[in-house]
Amino acid sequence: MLKIYNTLARDKQEFVSIEPNVVRMYVCGMTVYDYCHLGHARVMVVFDMVYRWFKASGYDITYVRNITDIDDKIIRRAAENNESIHSLTQKFVDAMHADADALGVTRPDHEPRATQYVPEMLEMIAKLEANGLAYLAADGDVNYAVRKFEGYGKLSGKSLEDLRAGERVEVTEGKNDPLDFVLWKHARDDEAEEVKWDSKWGRGRPGWHIECSAMGSKLLGEHFDIHGGGADLQFPHHENEIAQSEGAHQCSYVNYWMHNGFVRVDNEKMSKSLGNFFTIREVLKQYDAEVVRFFILRAHYRSPLNYSDAHLDDAKKALDRLYTALKSGSASDERVVDWNEAYAVRFKAAMDDDFNTAEAIAVLFELANDVNRSQSENAAAQLKALGAVLGLLERDPLVFLQGAGSDDAQIVGKIAARNAAKLAKNYAEADRIRKALLADGIVLEDSAAGTNWRRV
RNA sequence: GGUGCGUUAGCAAAUCGGUUAUGCCCCGGAUUGCAAAUCCGGUUAGCCCAGUUCGACUCUGGGACGCACCUCCA
């Protein structure tokens, strides 16, 4: 039985889908005005893992991850670059896809873009207005009247009184209450035509929060199972989504809210505003993408994850151990898990406990130890199959261990020379060659079957 | 100021009221021409102070420290 930590309940709860065997999941994706950093990688990898686990558990899951392709930052960046909004966003959507693909992230079933759902958003705003929850302000914006929605704050655990105490809420003239948020922004003269849509409230563009409410209900229905995203979206974004969706549809919006923890640098949240971020492509120049994926999944998704080269190096070595176990056995390419087998039972129990990949991966290491000891092909096949559930261990072990390099032929040549020296009992020469290779980061491993090599 | 989360061995990171987490590092042994890999064994824990309990890293209370949200952020 699967349990999920539900932010709404602040507790782990047994997962019961709305429709038997069917899961509908929405995850807040990227605002595409720059390259994705490791924080974005974590959301993508974590919810990809969730998606895969539901599938492995026999659910029919529909996964939606949106793309925000219209907002203040995009408009500003496009203006700076002197290019159109569309050309800017398309470029970064493509880059995001390339990064996600590299990390082994499955494409969601739908990737709706905000600009493609403006009519749905307008329809929703109209409903909110009809329900007395939205109003046209003097400045031309349409705002949400937060105090008219009972239960505002139930996700983030904030009361309207607490929020006021913060005194950090932007005061805008048009708002009836400083906590109200904008649903529709009136058009400004200095903005490009590309960012203006017609509406009954005048020309303008959508506020940030409304897109997720509109696209979620359009693609998954007014009430669906899971909504995810980074912990920083809990408030105000997800709180506002609830207010919009429940306010418009007059029914429950989402049953389980999942939030992943931050990636940190020097114990601080990695974020664009702090400028302490590493882009995915930057990191992938130095580390294998699977190492990065492994690094992310080795921690529980809700825990903070500190990023540093030392941690990535550690992850690389750990993953080496798993691949090394596979190398010796000739594990078949069949990746069918035997779920009755003892390690798989423990793996499943870990995953069913709020997607505890840290524990699941620990089981993988114990299984690897078993493979090394028993040299059992079945055990190796099981290790490979369980790894694949997490999107790991799917490559040829030798390809992974040897890594990418252009001097492979040279290495093979030197190994041949060393083997010749060994045959001639010229061990001094054999050791000299090995040491020379080691200096280049190449480790040789002799075995009855011949000499293997790998990069460290 | 309000709210929430966290503090586990050298590093990373889980579980659990009593039984080896796991990975990397380190030490010893087996193995090897020498190595590497592997196997066997070992060292190193639970921020502090109270309480509950036969027994607490695990539960309760208090404190310290750290992080996050309350503003765009995954």
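Numbered from 1 within each chain, the chains take letters A, B, ... in sequence-line order.
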Review point. So which nucleotide from B/rA13, B/rC24, B/rC72 ends up closest to the side chain of A/Asp314?
Key: B/rC24
Exercise for review: Have a look at A/Arg65 and say if it touches a base, only the backbone sugar-phosphate, or nothing, with a 4.0 Å heavy-atom cut-off.
Suggested key: nothing
**Study point:** Minimum-distance nucleotide (side-chain atoms of A/Asn369 versus B/rC70, B/rA74, B/rC39)
**Key:** B/rC39
Review point. Can you tell which of B/rA12, B/rU15, B/rA13 lies closest to the side chain of A/Ala299?
Key: B/rA13
Practice item. Select one nucleotide: of B/rC39, B/rU15, B/rA37, the one nearest the side-chain heavy atoms of A/Glu445. Key: B/rA37
Practice item. On the 0 to 90° scale, with breaks at 30° and 60°, tag the A/Phe400-A/Tyr323 ring pair as parallel, tilted or perpendicular. Key: parallel
Review point. To the side chain of A/Ala318, which of B/rG23, B/rA74, B/rU15 is closest?
Key: B/rG23
Practice item. Return yes if the base of B/rA35 and the side-chain atoms of A/Arg434 contain a donor-acceptor N/O pair under 3.5 Å, otherwise no. Key: yes
Review point. Can you find a donor-acceptor N/O pair under 3.5 angstrom joining the side chain of A/Asp446 to the base of B/rC34?
Key: yes
Check your understanding: Hey, does the side-chain of A/Lys158 have a donor or acceptor N/O within less than 3.5 Å of a partner on the base of B/rC69?
Key -> yes
Check your understanding: According to the 5.5 Å centroid and 30° plane-angle thresholds, does A/Tyr427 stack upon the nucleobase of B/rG33?
Key -> yes
Point to revise | Per A/Thr31 side chain, nearest of listed nucleotides B/rA14, B/rA74, B/rU38 | key: B/rA74
**Study point:** Nearest-angstrom distance, P atom, B/rA14 to B/rU3
**Key:** 27 Å
Review point. Has the side chain of A/Asp162 got a donor or acceptor that lies under 3.5 Å from a partner of the other kind on the base of B/rG1?
Key: no
Review point. Between A/Phe15 and A/Phe54, is the ring centre distance below 6.0 Å?
Key: yes
Check your understanding: With a 4.0 Å cut-off on heavy atoms, is A/Asn267 in touch with a base, just the backbone sugar-phosphate, or nothing at all?
Key -> sugar-phosphate
Check your understanding: With respect to the side chain of A/Arg298, which nucleotide from B/rA14, B/rU22, B/rG23 is positioned closest?
Key -> B/rG23
Review point. Once you round it to whole Å, what is the distance between C1' of B/rC72 and NE2 of A/His40?
Key: 11 Å
Practice item. Identify the nucleotide, in any strand shown, that forms a Watson-Crick or G-U wobble pair with B/rC59, with both distances under 3.5 Å; if there is none, say none. Key: B/rG51
Revision key, fill the gap. The nucleotide from B/rC34, B/rC67, B/rC72 with an atom nearest the side chain of A/Ser273 is B/rC72
**Study point:** Residue A/Ala430, side-chain atoms from C-beta onward, closest of B/rA74, B/rA36, B/rG33
**Key:** B/rG33
Check your understanding: To the side chain of A/Thr324, which of B/rA37, B/rA14, B/rC25 is closest?
Key -> B/rA37
